[in-house]
Every structure is written in structure tokens, then in C-alpha cells.
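So the structure is just underneath, and the comments pick up after that.
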Amino acid sequence: MISSGQYLILVWNKSLARSLVSLCFSLLFTSSSFSQPVKKYIIDFGQKSSATERATCYDLKNDIEKVTNATVEVQEEPQTIAGNDYHILIGSPATSNLIDALAKKGMVQISATNPGSRGGIMKVVKDNGHQLLVLAGSDVEGMQNTVYDFSKNELGIDPLSYWTGSVPKKKPGFDPYTVKEQIIKPPAVPIICYFENDVDELANMKKPYLEYDMETWEGMVNSLRRMRYNAIQLFDMLGRAEFFTREPYKKLRPNYHTNLSLVDSLIDYAHLKGMKIQIDLSPGYEMRSLTDSEALCWTKYKQKWIDTWVYYLTQTPLGKADIFSLRPRNQIWDREYVSSCGEDKVEVFNEVFAAFDSVLNIYKPKAPRLCICYGDGMEMFNEGFNPPKDFVVVWSDDGYCDFQTLPQSTKGYNFGTYMHAGFWKNHTVHDPYPEKIDSVMTYMLQHYNATSYIDVNGQTFRPFLINLDAFAQWAYDPYHFNGKTFLENW
């Protein structure tokens, strides 16, 4: 007979035994799992990679870490891929020996001409018994487009996350070797530019006022590049006339002067992230400006205009820019040129642009150049204004993605457009119009082949994210962009 006390001891012992057995099995399997090495993600960049390529690799590292919480290393490519870790090879045939070798073996179809400048490929290959994911571009810009497409479509990274606060879903154990082969087509519009203009809100986030803080600038540049913008036009930060002449601005920032050290830093960061810098060389910036009287009589003061252009190009950070533009209108204020000395403005700007072209031929001979025509400039172009043929003629909307004046003829010029994602009258109002962007931009494509360039004015940026994205997507593939579908998916 077992007493009740003995029975309790027996039950307790059996329970303890079961717990010990369970613990042993748990330890056994845990130690077994520890014996299996955890795969790391290794991002390999080319031996001849640029600073921009390496910066893009670190962007990818951060993206992978966000969704996997795994260890990600960035390193220069080895001679051969070895080991069991996930390898992601990034570069182009010109900068990566491994990509060049894979291309010569026919394992990846990538060259300077295939798929072409600003295009790239994603492909998983097996070389010497080891798998790797290749994210390659025909050039640096194509590599960037490929990497950022991978982050968006495969990892779920929102290009606008800095502004939207969007957090990607976790993907523990993400296997990059399951990615399907893809060709990243080159954008149809070669220069997709963002116009930094009327940025009163963003320029006053922190003191000193009327200047970007670097965090805001970096957040904007990073988002733009991921949306496939590849250029940014600096304007307000160069010291626009209102900042040092109008009372509300003078009260906000007494004794305003252009912060050339900041401008230098803004340009350097944009260049690091693969963005070209565009500068309108209208001689009205605070760093050195024509007077109102000098700006209204080219015939008398032409040498001062030319000297100011040369000063900008040789004595300021503006000389580091890549693309240069000029507007056939008042060179200080955003209004029509009204001569104070009886000039014909069509004749004036035929001379002005010929002189401007000559200056660029000396100091920036390879730089793309743009003639940006606002309302009065468009009328002049239809009458008899003809800049040199190496200028792209840029046609401007009315602020709301409509054109009040259209070209009578392109006259053999390459054409582009200057558009508004938002306008100063609706700075704080979201006004999405991707369907209008689709119809209006496609009209300009069909009738004037306006695909050489696009400049998008985003004003204070944050209220106009949908339109900014829509313009970029149209510029990437105008033949398949559908504004209605884009808006529904967005």
C-alpha cells in the first residue's frame, strides 16, 4: 500500500523527471541550432568603385538591416566569392572586376550600352559553385537605380520614409537568391531635376533662418534620388533677391548673406548621392548682384552681366555645378524684362544667350545648358528669340500643370518642360493631380517630343509628395505611365 505522502512524492519525482528530460531535449536542439552558422549579408563593391557607389552600398546595408535585423557587412570585392554567406555584388563592368568577368562569360548581360546609361540588371548567378546576387548598372547612375529599385520592390523600403514615417515590414531570413532576373530600363528623360525654390518652410526649420539644416537637405536629396531624380537646381540657398531686399525676410534674418560654406556642403552631399547640380546663372544672387538699373539695360551694362557670370563660375562653389541655365527675362526678379534704354528684348536675349554660351564654352565646355522660358520667354521664342542650338529649350507651365502658351514650332531644338508639383498659393494644401500630369505631359511628348529634360518645382516639398513621385514615374516611362492607376496604387 502506498501512503498519500508517498504517492505525492512519486508524482513529484515523475514530474521532475519529465521536466529534466524535456530540458535535455531542449538543450540538445538548441546546441544543435547554435552549431549551424547564421548567414550574414555581405555587400561587395568594385575595386574601382566611386564614392557614390560606396555610399549606395551603405544605403543598401541600412535597408537590409531595417527589414532583417541581421548582420550586414560592406567590403571590397574579393577575387572570387567564397563561403556560405549571402553575397550581393554591386557596381558596373567599369568599376567591378567580378561584374566585368561575369559579363565576359555571358553570365550577366550588362555593358556600357546594354541596357544603356542609367539602366541596369538584377540577376542571381552561380560562379565557382557559389551563388551571388548581382545588382549591376551600365554606369554608376544605372547601378543606383537598380539598387534603389531592389530596396523598394524586394525589401519594401519607402523612398519617402523620411517624410512619411513609413516603417517596412520585417523579413527575417530574407533570401536574396530568390530574386527574379530583372532589367532596369534607362529613364526616358535623361535629366529629371528638382527645383529648390520657394522653400520658406524647409529653410526655417531651425536657426539660422533662411538656410537648410543638413538633416533636412540630406532627407530631401535621399528621397529624390530614390525616386529617380538625378539633378537638383539650387536657387533659394544661393541668396534669392527677396531674402535681402524685402522687409519680412530682413526682419527674420537681419544682415542676410549667402552662406557659401553651406552651399559648398549642399553641393558636395548631392554629388555624393549621385545628384547633378543645376545653377541658373541669373546675376541677381546676394553673393554678387547686378543693381536694378544694371539689370534693365544689357546694351550699357553687358560687361557687368558677363563679369558676374564669370565670378560665379570662378570665385564661388557654383563653379562645381554640372548643368547651367538662364531665363530670357528680368535677371533679378521673377518678371518680364522691360528695358530702361529702349532695347528690343528679343534682340537683347539673342545677344545675351550667345554671350552666355561663349562664357560656358570657356569655363564649362561639357556642361548641359538650358534656356528656361517663362510666359514672356515663350512668346519671344515664338516671335524670333533663338538661343544657340546647344541649349535645350524648356517650356514652362502656369504653376498648375497647364500650359497657357504652346510652341508654334520646336525650330529644331531639343525640348523639355518646367513643371510645378505645387505652387506658392497652396503651400499647405495637398493637391494631387497625377491624371493631369499624365495627360498634359503626354501631350507635350506627342506634339513636341519634350523628353530631353524635366524640372519639377516642389516648393515646400512635404505637401506635394504624390505629384513629385508622379512626375518622376512619368519621366521614367512616359509610354506606360497611367495617372489614374498610379494614384490608386499610391
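None of these values were measured; they are calculated from a predicted model.
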Expected output: side-chain [X] to main-chain [Y] donor-acceptor under 3.5 Å:
X: Glu53; Y: Ser50; answer: yes
X: Ser92; Y: Ala94; answer: yes
X: Ser111; Y: Thr113; answer: yes
X: Ser138; Y: Asn114; answer: yes
X: Asn230; Y: Ile192; answer: yes
X: Thr451; Y: Val189; answer: no
X: Thr164; Y: Leu160; answer: yes
X: Tyr41; Y: Phe174; answer: yes
X: Thr95; Y: Gly91; answer: no
X: Thr68; Y: Gly173; answer: no

Would you kindly say whether [X] and [Y] are connected by a side-chain donor-acceptor distance under 3.5 Å?
X: Ser325; Y: Asp280; value: yes
X: His271; Y: Asp268; value: no
X: Asp322; Y: Gln278; value: no
X: Asn361; Y: Arg369; value: yes
X: Asn467; Y: His420; value: no
X: Trp474; Y: Asp438; value: no

* Trace of the ring pair (Phe, Tyr, Trp, His ring centres under 6.0 Å) decision for Tyr209 with Tyr256 -> CA-CA 9 Å; Tyr209 294 135; Tyr256 172 86; over 10 Å; no

Taking the basic N atoms (NZ, or NE/NH1/NH2) and the acidic carboxylate oxygens, is any pair closer than 4.0 Å for [X] and [Y]?
X: Asp127; Y: Lys105; result: yes
X: Lys436; Y: Asp402; result: yes
X: Arg462; Y: Glu201; result: yes

Approximate separation, where rounding is to 0.5 Å, of [X] [atom1] and [Y] [atom2]:
X: Thr417; Y: Met444; atom1: OG1; atom2: CE; value: 6.5 Å
X: Leu281; Y: Leu318; atom1: CG; atom2: CG; value: 6.5 Å
X: Gln473; Y: Ile437; atom1: CD; atom2: CD1; value: 11.0 Å
X: Leu260; Y: Met237; atom1: CG; atom2: CE; value: 12.5 Å
X: Tyr162; Y: Ser223; atom1: OH; atom2: OG; value: 9.0 Å
X: Thr216; Y: Glu211; atom1: OG1; atom2: CD; value: 12.0 Å

Is any side-chain heavy atom of [X] closer than 4.5 Å to a side-chain heavy atom of [Y]?
X: Tyr194; Y: Val221; value: no
X: Met441; Y: Pro478; value: no
X: Lys273; Y: Thr56; value: no
X: Gln233; Y: Asp455; value: yes
X: His130; Y: His87; value: no
X: Met287; Y: Tyr312; value: yes
X: Thr178; Y: Asp175; value: yes
X: Leu98; Y: Asp44; value: no

So, do [X] and [Y] have ring centers that fall under 6.0 Å from each other?
X: Trp395; Y: Tyr418; value: no
X: Tyr269; Y: Trp217; value: no
X: Trp163; Y: Phe461; value: yes

* Asp213 and Lys207: CA distance, side-chain angles, deciding distance, salt bridge (Lys or Arg N to Asp or Glu O under 4.0 Å) verdict -> CA-CA 8 Å; Asp213 61 275; Lys207 291 184 178 180; over 6 Å; no

Look at atom [atom1] of [X] and say whether more than 12 heavy atoms of other residues, nucleotides or ligands are closer to it than 6.0 Å.
X: Lys126; atom1: NZ; answer: no
X: Tyr448; atom1: OH; answer: yes
X: Lys104; atom1: NZ; answer: no
X: Glu488; atom1: CD; answer: yes

* To do: Kindly assign one of parallel, tilted or perpendicular to the pair Tyr177 and Tyr86, based on the angle between their ring planes and the thresholds 30° and 60°.
  => perpendicular

* **Phe195 and Phe235 aromatic ring geometry - parallel, tilted or perpendicular at 30°/60° bounds** => perpendicular

* Asked: Honestly, is Lys364 close enough over Phe324, meaning NZ or CZ under 6.0 Å from the six-membered ring centre and within 45° of the axis?
  -> no

* Please confirm whether Arg288 makes a cation-pi placement over Tyr311, using NZ or CZ under 6.0 Å from the six-membered ring centre and within 45° of the ring normal. => yes

* List the steps, then state whether side chain to side chain contact (heavy atoms under 4.5 Å, CB included) holds for Leu133 with Leu89. => CA-CA 6 Å; Leu133 170 63; Leu89 178 59; over 6 Å; no

* side chain to side chain contact (heavy atoms under 4.5 Å, CB included) between Ile277 and Ile323, worked out -> CA-CA 6 Å; Ile277 292 293; Ile323 303 165; over 6 Å; no

* Asked: Which pairs with one or both residues in residues 133-161 pass salt bridge (Lys or Arg N to Asp or Glu O under 4.0 Å), sequence neighbours excluded?
  -> Glu141-Lys276, Asp149-Arg228

* Residue pairs involving residues 63-87 (criterion salt bridge (Lys or Arg N to Asp or Glu O under 4.0 Å); sequence neighbours excluded) -> Lys40-Glu73, Lys61-Glu65, Asp63-Arg226

* side chain to side chain contact (heavy atoms under 4.5 Å, CB included) with Ile110: which of Leu102, Ile121, Asp100? -> Ile121

* Please lay out, stage by stage, how Val124 and Val134 fare under the test side chain to side chain contact (heavy atoms under 4.5 Å, CB included). => CA-CA 6 Å; Val124 177; Val134 180; over 6 Å; no

* **Full working for side-chain hydrogen bond (donor to acceptor under 3.5 Å, both in side chains) between Asn145 and Arg225** => CA-CA 8 Å; Asn145 290 339; Arg225 188 64 197 90; 3.1 Å; yes

* Name all residues meeting the side-chain hydrogen bond (donor to acceptor under 3.5 Å, both in side chains) criterion together with Tyr229; count only those two or more places apart in sequence or in a different chain, and write none if there are none. => none

* To do: Please report the closest heavy-atom contact between Phe45 and Cys57, naming both atoms and the distance.
  => CB-SG, 3.8 Å

